[in-house]
Amino acid sequence: MTRFIFITGGVVSSLGKGIASAALGALLQARGYNVRLRKLDPYLNVDPGTMSPYQHGEVFITDDGAETDLDLGHYERFTGVHATKGDSVSTGGIYTSILKKERRGEYLGATVQVIPHVTNEIKNVITSGVTEEDFIISEIGGTVGDIESLPFLEAIRQLGYEVGRDRALFLHLTLLPYIPTAGELKTKPTQHSVKELQGHGIQPDILLCRSDREIPAGERRKIALFCNIPEANCIQALDLNSIYEVPLAYHREGLDTQVLKHFSMDDAPEPDLEPWREIARRVMEPEGEVRIAVVGKYTVLLDAYKSLSEALIHGGIANNVKVKIDWIESEVFEKEEEAIQRLEGTHAILVPGGFGERGAEGKIEAVRFARERKIPYFGICFGMQMAVLEAARNLAGIEDASSSEFGPTNHSIVGLMTEWEKEDGKETRAADGDLGGTMRLGAYPCVLEEGTLAREVYGTAEISERHRHRYEVNMSYRELLEEKGLKFSGVSPDGLLPEIVEYPDHPWFIGVQFHPELKSKPFDPHPLFKSFVEAALTQSRLV
């Protein structure tokens, strides 16, 4: 019998509903239950795929190719359960589905309305594909009171009524601000947020109260009294040094205990939290430190690289060191010639994914610095393409080597797959064709060549990794570039697409076309990040 947990937020945004959902999922999982987490976003975009990273942070890609909210990354990292297309939906996605059905005549001439058609579609998303899950945790994006959230609140109200209160739980995440001049925490914003939720017919069962300091017992009693919940269900969620302490902290506060009590699951086993204790210990008590420069183009908003920063932390956990990230805007290397010296003394350099020409030349300079100075280098997606361009220009002598993403070029080392085709076994530029291209999304296999660093790191001959890109490295340049020392160590099974490049004579230099950070977890660090941080640690002993 599947139980449903609905998580809403109030007072302000960015309180951490995603981390709270993931942590609760991890706690229930630690007690032996099967969980699945879902995100329902109220924006009108069909998905975040076309949204700027400055607007929405990173786009998290699932194995089946869905472009989703970054919170799904937290879900996967905390529970290890791979998300699917059905685990993320937006208002745009809901309306797209409804309008397609209306055009096909599936509503049999009925007037299509928010109730019941939109709410029914939302309920279908929440309940679809449920098989052996003990708990479905659904996070509602936005803040209670937002007009765009109303259909989602009505849908979960209806679903909670339909399945019964013994199978539904409403958890509301809220904020207790501290007013320095008054010297006290204020409960009124929480009371108003709950009142707003009650106005939509939803009585929260548990309140998770964010605060930067301990919440006095008297304040908890006041919240419980005015919000109609047991005092034990008013749970404090204090600020922590690491998100990987959250499951432990929430368990100490009794969150999972109260959730199970609500469902009358009194015979639940105690959670096995030893893996989380070990993760927290390694994060908080590292035995060393490495400095890694990340040369990107969205460094103003670090949520654009959320999975990347977490994967680097996971690499640090695996090596029992703290990874100190130096975020560098790549354009600085284009504007100031001496700026490249900022990379002096760094233990490793990483160039992440991205789109567009802005900052590309700066990234190429960072690649060259890492190659020539023998500093560990990790290029991801766009970072791999820039490594190939750097080799083509500075080792193969193709001075105008470029990517067709940047405009017309005589040497399209990187381009759309439709830009070249095979004729009599020879690669040539296609004279005509659809240059629009489409995204390569989701998991694809890759074959690793024996005797390469990539094969050694993975410890297997074939891997599967997630992609999100439109441009590819042109395989017709493989022979020339390998003559100059750049090894194509991983390719697609059909041999047409380069997936991994490396320099055999370099301490650690790998570029990958995929996004390995999307599959890294604190209790299962991705092998590339584990090896990369290990190489940075080795480099730190040489500096």
Side-chain angles (χ1 to χ4, degrees), residues 13-19 22 39 41 43 45-62 65-77 83 88 90 141-142 242-243 292-315 323-334 348-364 366-367 378-386 405 439-442 465-471 511-521 526 528-529 532:
S13 60
S14 302
L15 281 182
K17 292 193 302 296
I19 295 295
K39 179 70 183 288
D41 273 306
Y43 52 73
N45 303 66
V46 174
D47 60 43
T50 59
M51 297 169 70
S52 165
Y54 292 120
Q55 287 278 319
H56 200 258
E58 78 166 2
V59 175
F60 188 81
I61 306 299
T62 60
E67 294 179 287
T68 72
D69 184 81
L70 62 81
D71 279 327
L72 271 77
H74 293 312
Y75 303 164
E76 282 204 12
R77 284 188 285 274
S88 178
S90 67
S242 167
I243 62 173
I292 295 179
V294 176
V295 182
K297 62 187 295 184
Y298 308 118
T299 56
V300 175
L301 181 68
L302 298 185
D303 269 358
Y305 300 117
K306 176 56 69 176
S307 290
L308 177 67
S309 60
E310 295 305 316
L312 286 169
I313 292 173
H314 304 162
V323 175
K324 185 177 181 180
I325 303 175
D326 183 11
W327 299 97
I328 303 175
E329 190 74 22
S330 60
E331 284 183 288
V332 72
F333 298 140
E334 302 170 7
I349 297 169
L350 190 152
V351 173
F355 293 90
E357 187 175 8
R358 182 178 68 83
E361 294 300 323
K363 292 182 178 182
I364 290 173
V367 175
F378 195 0
I380 295 176
C381 195
F382 195 80
M384 169 197 169
Q385 295 173 3
M386 295 306 98
E405 184 179 5
M439 280 282 212
R440 190 175 175 214
L441 294 168
E465 294 283 4
R466 299 176 189 176
H467 295 65
R468 184 182 184 243
H469 59 96
R470 184 170 285 113
Y471 292 83
V512 298
Q513 183 58 75
F514 44 82
H515 288 270
E517 70 272 22
L518 299 177
K519 294 179 71 172
S520 188
K521 303 170 185 64
H526 193 284
L528 284 173
F529 283 91
F532 178 57

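Position 1 is the first residue of the sequence, and the numbers go up from there. Computed from a predicted structure; not experimentally measured.
A distance of 10.5 Å separates CD1 in I364 from CD in Q385, rounded to the nearest 0.5 Å. Note that OG1 of T62 is 8.0 Å distant from CG of L72, once rounded to the nearest 0.5 Å. The structure places OH of Y43 at 5.5 Å from CE of M51, a figure rounded to the nearest 0.5 Å. Distance check: C381 SG to R440 CZ gives 10.0 Å after rounding to the nearest 0.5 Å.
Partners of R468 according to the salt bridge (Lys or Arg N to Asp or Glu O under 4.0 Å) rule, which considers only residues two or more places apart in sequence or in another chain, are E67. Remark: T68 pairs with no residue by the side-chain hydrogen bond (donor to acceptor under 3.5 Å, both in side chains) rule, at least two apart or across chains. With sequence neighbours left out, E334 forms a salt bridge (Lys or Arg N to Asp or Glu O under 4.0 Å) with no residue at all. By the salt bridge (Lys or Arg N to Asp or Glu O under 4.0 Å) test, E310 pairs with no residue at all, sequence neighbours left out. Contacts of E361 classified as salt bridge (Lys or Arg N to Asp or Glu O under 4.0 Å), with partners at least two apart in sequence or in another chain: R393. Residues satisfying the side-chain hydrogen bond (donor to acceptor under 3.5 Å, both in side chains) criterion with D69, sequence neighbours excluded, are K39, H56.
Judged by distance alone, the side chain of E331 and the main-chain N or O of G359 form no donor-acceptor pair under 3.5 Å. Between the side chain of K306 and the backbone N or O of D71, no donor-acceptor pair lies under 3.5 Å. Without hydrogens or angle criteria, S90 side chain to V46 main chain gives a donor-acceptor distance under 3.5 Å. Side chain of K519 to main chain of E517: no donor-acceptor pair is present (N/O by atom type, distance under 3.5 Å, no hydrogens or angles). The closest donor-acceptor contact from the side chain of D47 to the backbone of G49 lies under 3.5 Å.
Here the closest non-hydrogen pair linking P516 and I380 is CD-CG2, 4.2 Å. Heavy atoms only, all atoms of each residue included: S520 and R77 are closest at O-CG, 3.4 Å. Nearest heavy-atom pair across Y305 and P352 is CE2-CG, 3.5 Å. Heavy-atom minimum distance, Y471 versus Q513: O-OE1, 3.9 Å. Taking both residues in full, the closest heavy atoms of F333 and I328 are given as CZ-CG2, 3.7 Å, listed atom of the first, atom of the second, then distance. For the pair K363 and V295, the tightest heavy-atom approach, listed with the atom from each and the gap, is CE-O, 3.9 Å.
Inter-residue side-chain proximity for V512 and F378 is flagged as met; some heavy-atom pair is nearer than 4.5 Å. Using a 4.5 Å heavy-atom cutoff, the side chains of F529 and L308 are in contact. Looking only at side-chain heavy atoms (C-beta outward), Y75 and S88 stay at 4.5 Å or farther from each other. Side-chain contact between F514 and I61 is absent, with no heavy-atom pair separated by less than 4.5 Å.
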* Show your reasoning for whether side chain to side chain contact (heavy atoms under 4.5 Å, CB included) applies to L312 and F532. => CA-CA 9 Å; L312 286 169; F532 178 57; 4.1 Å; yes
* Apply the test side chain to side chain contact (heavy atoms under 4.5 Å, CB included) to residues F382 and F355: give CA-CA distance (whole Å), side-chain angles for both, the deciding distance (0.1 Å), then the verdict. => CA-CA 7 Å; F382 195 80; F355 293 90; over 6 Å; no
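Under 3.5 Å, the side chains of E58 and H515 contain no donor-acceptor pair of N or O atoms.
Here R358 pairs with E329 in a salt bridge; the nearest charged N to carboxylate O distance falls below 4.0 Å.
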